[in-house]
A.B. asks: 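Please read through the structure below; I'll follow up with questions.
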There are 2 protein chains.
Amino acid sequence: MKTPVRARGKSFVSAQQVAERAGVSRSAVSRTFTDGASVSPATRKRVLEAAEALGYHVNHLARGLIHDSSNIVCVIGTDIATPHQSRMIDALTRHLQAAQKVAMLINTSGESAAVEAALRQALHYRADATIVLSGQPAASLIETCLNNGQHVILVNRDDPVPGPETVVVTNRTAARQAFDMLRRAGCQKFAVVTSTVGTASLVARETAFLEAARSAQFDASVIRLGPTAYASGAEAARQVLVSTSRPDGVFCVTDLLACGFLDVARTEFGLVVPDEVCVVGFDDIEQAGWSSYQLTTFRQPVDQIADHVVGLLHHQPAVHTIQPPTRFSAEPVWRKTVRPR
Amino acid sequence: MKTPVRARGKSFVSAQQVAERAGVSRSAVSRTFTDGASVSPATRKRVLEAAEALGYHVNHLARGLIHDSSNIVCVIGTDIATPHQSRMIDALTRHLQAAQKVAMLINTSGESAAVEAALRQALHYRADATIVLSGQPAASLIETCLNNGQHVILVNRDDPVPGPETVVVTNRTAARQAFDMLRRAGCQKFAVVTSTVGTASLVARETAFLEAARSAQFDASVIRLGPTAYASGAEAARQVLVSTSRPDGVFCVTDLLACGFLDVARTEFGLVVPDEVCVVGFDDIEQAGWSSYQLTTFRQPVDQIADHVVGLLHHQPAVHTIQPPTRFSAEPVWRKTVRPR
DNA sequence: GAGAATCTTGCACGCCTGTGCAGGACCGTC
DNA sequence: GACGGTCCTGCACAGGCGTGCAAGATTCTC
């Protein structure tokens, strides 16, 4: 007796069963579902009817076993519940789906051992590519992907290793522009609010702002606290606004920090924005546009980035070459937390 | 010699190659990576060394071809950039990873044809289960999953079809409680703000609130506008607050709506909350706790839900039975948009 | 030291698909 | 009617893996 172990009743249908029902060979079934294969209209019709009746779908696991492409793309992200990250994931998954790919999402926020296991897990599915969203996933994870021959795409990171392609936003230009905006608004005392998370983008924004201030003969202080979150921005405001010589021009490297900073400045210190203190953020998350904030900030072209990243999947990159990053410009969005000049 | 030979950029390393290098049969390699298989310590060691040197990992595609379990779980969500949804996905992916599963994320926000294609795509990977997050994915999608013998888990939905398991939050109880809170705060004229999206949860909250009002001999109006978003809440406020007999007790079926409503009430109408108008939300998104809002709302126990859902994956459900939903209670979070009694 | 018991190991098959190859059916032409 | 050409179709193999089975190796028992 050759009957498969279909006893559990609800197992999946295979091409073999469709072939038997349609009275053709399994090859005919396979060709019916393969683009450009040669099948006569008559058999094609019979196969399709049998497939429909049995509820057959080709098994992508087996198909991926043969082709070198599994159509799976691995997306690695930290803090994925954050407004900016979730918007990025939203855009990415939409574009991936439009390109007939499917996203495996790896959340690197958890315990690092579990993360490593999950990544390993995903890699073993022979993903076509791995997209690493900004954040602090250790460089060793990227190394792992590269060693497995993965096509790696880095977003808003700055790892000068050969292999991966990189997409970044013009952090430094924007940060310099942020200083100019504050300077022209008449600010005299500057501060940059950032977190203890040393992400490449965040560091770039911080240092570029400081350099701009220095080269304009101004001093600027740095407040570096906790994670890149609302609470850190709030705490930063509490620490820096008590001083008698408080800053009047503040650059928060993230909108989330800026929201926290603004709330404390207004609620706990009764400051009027932008009259007494000007604030510039970064990312242009949805909340920046809410009327409680009306935050002047820089927009990350999330949709364009996602589109470009997915486009990158088509051509295999040259290995062992340091790829120059593709840059997308972060444009200022003028709202109401900086005085117009 | 420690350099991975993957440099050729060719295909992945197979168990065959490891076997040759280790001087054993392919079976020995397979058994080395299979729990509970019988391998002598000596050969196991040689296999592991060869695997390490070659950078070998078992191919989960092939493994999933044999076992009936692929360890892939399909997560379907709408509006995944939303604070509540993204937090749900964050929790789910973390718990899935801890359970050695990996998440395939399907974004159903896009064009419906593309969505159908993406879901079909994911199904073909023989996912162990499909988790449907609240939203309006058509019931036909769920039908498709069920027909394919999928283990379907519905979160905050209310489809009375046999097969799927369901997890919900106590929407009706919470909505009644919301009415009580507003009533005890002395409100006289009630309104519920909702969207044109007829999600089961949203409808349940709305109707339960209206019933509670009616049975207490109060009238309550309904403002139903656009998508479930900040802008809709804002627009609702604009429409309802112009009237001379404006409501003073408002239940927004979502925190996002509540934030929009609050901002317009304060900014455009100069109303003082909670003195002139009380507002209750639902979800307890992060922004509800920000000092600009301090929104009184109901907390969805996201982490508990995720934990329970992942636990559900272990036992195969009885098919063709309508499963009674598992209920998680949404507890009130008192902040400052409702007067204390 | 012989036989029994246990542990290892390789062989071969199966999972589900795509595809080169060769043979067969069919058509048109002379 | 023969023949060359085109179009289908089935066979058989490949792809990477898990596993039952039986043979070989090792250990144990008396």
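Numbers restart at 1 for each chain; the letters A, B, ... are given by sequence-line order, proteins then strands.
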A.B. asks: Which angle, to the nearest 10 degrees, lies between the helix axes at the two ends of the helix from dG1(C)-dC30(D) to dC30(C)-dG1(D), each defined by five pairs?
C.D. replies: 40°
A.B. asks: Round to the nearest Å and state the distance from E20(A) atom CD to dG10(D) atom C1'.
C.D. replies: 15 Å
A.B. asks: Tell me which one of V47(B), L48(B), V18(B) satisfies side chain to side chain contact (heavy atoms under 4.5 Å, CB included) with Y56(B).
C.D. replies: V18(B)
A.B. asks: For L133(A), which of V309(A), L92(A), N156(A) qualifies under side chain to side chain contact (heavy atoms under 4.5 Å, CB included)?
C.D. replies: L92(A)
A.B. asks: Counting any heavy atom closer than 4.0 Å, what does S38(A) reach on the DNA or RNA strands: base, sugar-phosphate only, or nothing?
C.D. replies: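 Result for S38(A) = base.
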A.B. asks: Which part of the nucleic acid, if any, lies within contact of V29(A), taking any heavy atom under 4.0 Å across all strands shown: a base, the sugar-phosphate backbone alone, or nothing?
C.D. replies: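 V29(A): no heavy atom of the nucleic acid under 4.0 Å.
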A.B. asks: What nucleic acid atoms does H60(A) come within less than 4.0 Å of, heavy atoms only: base, sugar-phosphate, or nothing?
C.D. replies: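 Counting heavy atoms under 4.0 Å across all strands, no contact is made by H60(A).
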A.B. asks: Could you tell me whether the side chains of T108(A) and T78(A) share a donor-acceptor contact shorter than 3.5 Å?
C.D. replies: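 Side chains of T108(A) and T78(A): pair found under 3.5 Å.
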A.B. asks: Between atom CG in N59(A) and atom P in dG14(C), what is the gap in whole Å?
C.D. replies: 19 Å
A.B. asks: Listing time: all N or O pairs from protein to nucleotides 19-28 of chain D that are below 3.5 Å?
C.D. replies:
residue: dT19(D); atom: O4; partner: S27(B); partner atom: OG; Å: 3.4

A.B. asks: Rounded to the nearest angstrom, tell me the gap between atom CG in D35(B) and atom C1' in dG18(D).
C.D. replies: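 In whole Å, dG18(D) C1' and D35(B) CG are 13 Å from each other.
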A.B. asks: Check whether any side-chain N or O of R44(B) sits under 3.5 Å from a backbone N or O of T32(B) as a donor-acceptor pair, and report yes or no.
C.D. replies: yes
A.B. asks: So, OP1 or OP2 of dC11(D): does either fall under 4.0 Å of a side-chain N or O from S25(A)?
C.D. replies: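 S25(A) to dC11(D) OP1/OP2: no side-chain N or O under 4.0 Å.
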A.B. asks: Does a nitrogen or oxygen in the side chain of Y56(A) sit under 4.0 Å from OP1 or OP2 of dT17(C)?
C.D. replies: yes
A.B. asks: Provide, to the nearest angstrom, the distance between the CG atom belonging to L65(A) and the P atom belonging to dG14(C).
C.D. replies: 18 Å
A.B. asks: If I take atom CG in residue L61(A) and atom C1' in nucleotide dC15(C), what distance separates them, rounded to the nearest angstrom?
C.D. replies: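 Whole-Å distance recorded here is 11 Å.
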A.B. asks: As a test of reading the structure: which of dG16(D), dT17(C), dC17(D) is closest to the side chain of R63(B), going by heavy atoms?
C.D. replies: dC17(D)
A.B. asks: Rounded to the Å, how far apart are L54(A) CG and dC16(C) P?
C.D. replies: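 Value for this atom pair: 13 Å.
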A.B. asks: Between S40(A) and T43(A), do the side chains contain a donor N or O and an acceptor N or O under 3.5 Å apart?
C.D. replies: yes
A.B. asks: I want to check something: taking the side chain as every heavy atom from C-beta on, are L61(A) and Y125(A) in contact at a cut-off of under 4.5 Å?
C.D. replies: no
A.B. asks: Which whole-number value in Å describes the distance from R126(B) CZ to dC15(C) P?
C.D. replies: 14 Å
A.B. asks: I'd like to know if the side chain of H95(A) and the backbone of A91(A) have a donor-acceptor N/O pair within less than 3.5 Å.
C.D. replies: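 Side chain of H95(A) to backbone of A91(A), a donor-acceptor pair under 3.5 Å: yes, one is there.
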A.B. asks: How far apart are the closest heavy atoms of R31(B) and S38(B), and which atoms are they?
C.D. replies: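 Minimum heavy-atom contact is CD-O, 3.8 Å.
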A.B. asks: Quick one: H124(A) NE2 to dG18(D) P, roughly how many Å, whole number?
C.D. replies: 12 Å
A.B. asks: Please check if the side chain of D90(A) supplies one atom and the backbone of A81(B) the other of a donor-acceptor pair under 3.5 Å.
C.D. replies: no
